[in-house]
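Single-structure report; data block below.
Naming: A, B, ... by sequence-line order, numbering from 1 per chain.
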Number of protein chains: 2
Amino acid sequence: MGRRSDHDRDELFELTVQAGQKILAKKGLEGVTARNVAGAIGYSPGTIYNLFDNLDGLLFEINSRTFDDLVDRLRSVPAQTDVVEHLIAFAVTYLEFVSSAPHSWEAIFFHNASHKAPASLLEKIEAPLKIVEEVLARLPKPLSQDELRLSARVLWSSVHGICLLVLSDKLGTISMKSVEPLIRALIENYIAGLTA
Amino acid sequence: MGRRSDHDRDELFELTVQAGQKILAKKGLEGVTARNVAGAIGYSPGTIYNLFDNLDGLLFEINSRTFDDLVDRLRSVPAQTDVVEHLIAFAVTYLEFVSSAPHSWEAIFFHNASHKAPASLLEKIEAPLKIVEEVLARLPKPLSQDELRLSARVLWSSVHGICLLVLSDKLGTISMKSVEPLIRALIENYIAGLTA
DNA sequence: TCCATATATTGAACAATGTTCAGTTTTATA
DNA sequence: TATAAAACTGAACATTGTTCAATATATGGA
């Protein structure tokens, strides 16, 4: 039984999110139930609803942190003078992250929320796209704001599609090594077409 | 109350699948519950389990038909002498289908089945890839079976990623018209890179 | 025609889910 | 120390998928 003196609200919030992440990593999305999470932190199910509006809220928070993690990884990709090389490094970083933490991404790709995601999460989903836009803006050919926005989205979506492929084929014949040269071809030539 | 004499087993199966499809189209994936489907065909919930091993079975059947539909659409794309044009026509066909029947594709992309999909469904998922492979095989450059397989998958996955983008942005600013030229650039240049 | 057998259908019941909230316990404050 | 505020509980509710004994219906042979 959880005691009020054990943790203040912020600590408890943090504890809950981490318990959720741990369960997600171990049991997958379907393991993240109110009773499981409550049990893991030593509180009763009702307490979850003291911290979050609903269970979706917990998953939104977890997903939000996964995006933070992705953004950190993208930001720490070494700067490349060549735009194409930079974008390829982004894609590979994304692919490796998805591949190494599949359940975190399962929660992002396949969680069917009954409630609306908060604006803060929607912003974080946008963050990687902003980073891609920044790099695309360095292309010699001048692109309008709209062109930049759309082409970043299309490029990232196609990389995203390939992440899904890798994710769905965890036990199959498609490895990172076999996909990387094709990602390279995809990006190299998409950019070539964009700037033609 | 359903009467045994109303339909034989095959008719009832058909009736159930169609009821499922109708509910899916109208209410989305979350509307497809055992009780809803049973109510729609005038039988009790238990009857559903006489026709399918479980509810996933019904959704597998519905998804299977969606893939059949896609394959029909791809097969009726007018033959193009140019491989790239042919692939672009495929992608546009796919995009338009997803865009016009979003809930059918929601069931394919976001249904988290508790049970394993039957081999027959897995084969149907492969069918569009086979069609893409066939066209890729017409490229002047000779590709090995493995190269063909992998590049078809990567190409289709990236188109798939863009379908998801369009699907997730049904009310947003991304239209078919704005995406089509970028799909074109994506495919044109991916193939250029592949055959270089 | 009528009974016996096989099949189809029902619907109550079970477990698990998210969620609520009246009641209890604990802490902070005056 | 008494009172108010906040946190926490856990039983309860509605809704899921799913099962299965009981019932209803159809079939085929005497």
For atom CD1 of A:I48 and atom C1' of C:dG18, their distance in whole Å: 12 Å

A:L59 CG to C:dT17 P: how many Å, rounded? 14 Å

Atom pair distance, as rounded to whole Å: OH in A:Y49 and C1' in D:dG10: 14 Å

Measure the distance from CD on B:E30 to C1' on C:dT17 and round it to the nearest whole Å. 14 Å

Using a strict 4.0 Å threshold on nitrogen-to-oxygen distance, state whether A:R75 and A:E134 make a salt bridge. yes

Considering heavy-atom distances to DNA chain C, does A:D56 or B:G46 have its closest nucleotide positioned more toward the 5' end? B:G46

The answer to which of A:L51 and A:R35 contacts DNA chain D further toward the 5' end, by nearest nucleotide, is A:L51

Distance in Å, B:W105 CH2 paired with B:F110 CZ, rounded so as to fall on 0.5 Å steps: 12.5 Å

Any non-hydrogen side-chain atom of A:V17 less than 4.5 Å from a side-chain atom of A:Q21? yes

Measuring to OP1 and OP2 of C:dT19, would you say a side-chain N or O of A:H115 lies under 4.0 angstrom away? yes

Categorize B:T47 for me: base, sugar-phosphate, or nothing, with a 4.0 angstrom heavy-atom threshold over every strand shown. base

On DNA chain C, compare the nucleotides closest to A:N36 and A:D53; which residue's is nearer the 5' end? A:N36

From the set D:dT16, D:dA7, C:dT9, return the single nucleotide nearest to any side-chain atom of A:N50. D:dA7

Testing the 3.5 Å rule here: is there a donor-acceptor pair between the side chains of A:H111 and B:N112? no

Would you mind reading off the distance between B:D8 atom CG and C:dT7 atom P, rounded to a whole angstrom? 15 Å

Would you mind reading off the distance between A:R9 atom CZ and C:dT27 atom P, rounded to a whole angstrom? 17 Å

Measure centre to centre between the rings of A:F109 and B:F109, then say whether the value is under 6.0 Å. no

Assign B:L58 to base, sugar-phosphate, or nothing according to its heavy-atom contacts below 4.0 angstrom with the strands shown. nothing

Would you kindly give the CG-to-C1' distance between A:L55 and D:dT16, to the nearest whole Å? 15 Å

Rounded to whole Å, please give me the gap between OH in B:Y43 and C1' in C:dT10. 12 Å

